[in-house]
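Following: one structure in structure tokens, then a few remarks.
Counting starts at 1 for both ligands and their atoms, following the listed order. Note that the coordinates shown come from a computational prediction; the quantities given were computed from them, not determined experimentally.
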Amino acid sequence: MPVLRSIRERFAAERPLAGIRVGACLHLTAETANLVAALSAGGAEVLLCPANPLSTQDDVVAVLAGQDQVVVRATRGDYAGDVQAVAAAGPQLLLDDGADLIAAVQAAGGTPVGAMEETATGMVLLRRMAAAGRLGFPVLAVNEAQTERSLNDRHGLGQSALDGILRATNLLLAGQTLVVLGYGWAGKGVAVRGRGAGAAVVVCEVDPLRALEARMEGFEVMGALAAAERGDVFVTVTGVPGVLRAEHFRRMKDGAVLANAGHFDVEIDRGALRELAVGGVREVRPLVEEFDLGDRRLHLLAEGRVVNLAAAEGHPAAVMDVSFAVQALCAEELVRQGGALPPGVHGIRPAIDREVARLKLAALGIELDELTPEQEAYRHAFEG
Ligand code: ADE
């Protein structure tokens, strides 16, 4: 993770986070350990808890737990208790993945200088909190950074969601019908990679602009009820609950595979699947539950939890390098501003996005052309 390394080296020299207690609710992966190293080098004390009950890499926790300036709360089976423990420690800066920690700190009346949220799902919750006047500190929507959308969501999730499905099932995607529910940045990534792997891709999307874009991209677009009859593999990437429900399960083919790549395990209604499973539920492979509906069997992956982290290793390091570099620079900025931003949701400064993209390109050995003076003058003339 060369970009994060260069930031860590600068942080070690400048110590911009000296004495700051950071609360971080993140997937406890090797990539996250690199972010923690950068924050610690900057002088922060980091209190960590997992962002999902199934994504924790135990070897990473073992290493992190032995480090100075780092406290890890990762109790198997008590996800909510871990989040509460970090919130109760009075963190001054929050790094969140799903908004659970931010909500817990807000509920406890905490007053951090600011927070950052990494997921689209979390942003939906935070905007609701802000609209209801229940967000007492500034939150940076790092999820909406340009680098985040194009790299993390499209390339990171696009690849790793399919990676999780393939690791869990060992399926050949070629020749299958892959139904992608949700055509945001992450859905686009899944759809394009599914097509690249030889699947016939069907997209379900409620937003007409996105649906039109999917159609123009060459995907079949239809409602979820129609798609339920067509699909061999289903992936939900919407950020909203109840996307695949009883009415869909009843129409699916025998052997269909269901996976969720959204942050929370609410997009596929597992309770409804259980109710329909008159023939019982059994584990047919690790992370593959078979629900016997009597006349057909449906296969749910990773309990409907975020499949790329539960069944694979999440986004590759090359992607998280960029995401976490943005987070590290935003952490520095929030601390430097010392609470000057008003409470509510804020975008990140575009300059941070550009700086991280520049560092990543430099790490890849890619040099860019610059506009000639004549081109600059031409552009400025039109900018007025
Ligand atoms: N979110 C998605 N992929 C991740 C990873 N590899 N590490 C931490 N958070 C992630």
Side-chain angles (χ1 to χ4, degrees), residues 1-5 7-8 22-39 46 48-61 63-64 70 72 74 79 82-83 86 94-102 115-123 141-145 147-165 167-168 184-187 189-190 193 235-237 239 259-265 302 305-328 330-331 356 360:
M1 300 173 78
V3 179
L4 202 52
R5 189 193 319 126
I7 292 173
R8 188 185 72 210
V22 174
C25 181
L26 298 172
H27 299 292
L28 301 182
T29 64
E31 292 75 32
T32 296
N34 277 297
L35 172 63
V36 172
L39 299 173
V46 186
L48 272 169
C49 59
N52 184 292
L54 286 189
S55 63
T56 298
Q57 296 173 3
D58 293 337
D59 50 347
V60 171
V61 170
V63 170
L64 282 169
V70 180
V72 189
Y79 168 74
D82 293 334
V83 175
V86 171
L94 309 176
L95 273 64
D96 212 347
D97 190 309
D100 284 339
L101 180 61
I102 295 176
M116 282 164 260
E117 170 53 38
E118 165 86 14
T119 67
T121 307
M123 288 316 306
V142 286
N143 170 263
E144 291 164 13
T147 43
E148 187 81 358
R149 289 175 159 165
S150 59
L151 269 172
N152 192 306
D153 294 355
R154 186 157 44 133
H155 297 290
L157 193 123
Q159 176 171 305
S160 64
L162 292 184
D163 185 18
I165 293 169
R167 287 197 205 190
W185 287 96
V190 174
R193 273 159 193 76
V235 189
T236 52
V237 224
N260 165 51
H263 180 79
F264 288 120
D265 57 341
R305 297 188 190 279
V306 60
V307 72
N308 66 327
L309 281 141
E313 292 163 72
H315 306 345
V319 167
M320 295 315 292
D321 190 19
V322 171
S323 300
F324 284 160
V326 169
Q327 301 237 14
C330 286
V356 170
K360 185 72 182 175

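The proximity of Glu313 to ligand 1, defined as any non-hydrogen pair under 4.0 Å, is limited to the backbone. For Leu26, no heavy-atom contact with ligand 1 is shorter than 4.0 Å.
Counting only heavy atoms of the protein, atom 3 (N) of ligand 1 lies nearest to His315 N, 2.8 Å. When hydrogens are left out, the protein atom nearest atom 1 (N) of ligand 1 is His27 CD2, 3.7 Å; that is the closest non-hydrogen contact. Here the protein heavy atom with the shortest distance to atom 7 (N) of ligand 1 is Thr29 OG1, 2.6 Å. Looking at atom 10 (C) of ligand 1, its nearest protein heavy atom turns out to be Met320 CE, 3.6 Å.
Evaluated for a side chain to side chain contact (heavy atoms under 4.5 Å, CB included) with Leu48, the options Val72, Leu95, Val22 yield exactly one hit, Val72.
Residue Asn308 places no N or O, backbone or side chain, under 3.5 Å from any N or O of ligand 1.
Annotation: side chain of Trp185 is not in contact with side chain of Asn143 (no heavy-atom distance under 4.5 Å).
For Gln57 (side chain) and Asp59 (main-chain N/O), no donor-acceptor pair under 3.5 Å exists by modelled atom type. Under a 3.5 Å cut-off, the side chain of Asp96 and the backbone N or O of Leu101 do form a donor-acceptor pair.
Minimum interatomic distance between Val142 and Cys330 (heavy atoms only, all atoms of both residues): CG1-SG, 4.0 Å.
Between the side chains of Asn52 and His27, no donor-acceptor pair of N or O atoms lies under 3.5 Å.
Taking only non-hydrogen atoms, the option from Val60, Thr32, Leu35 nearest to atom 8 (C) of ligand 1 is Thr32.
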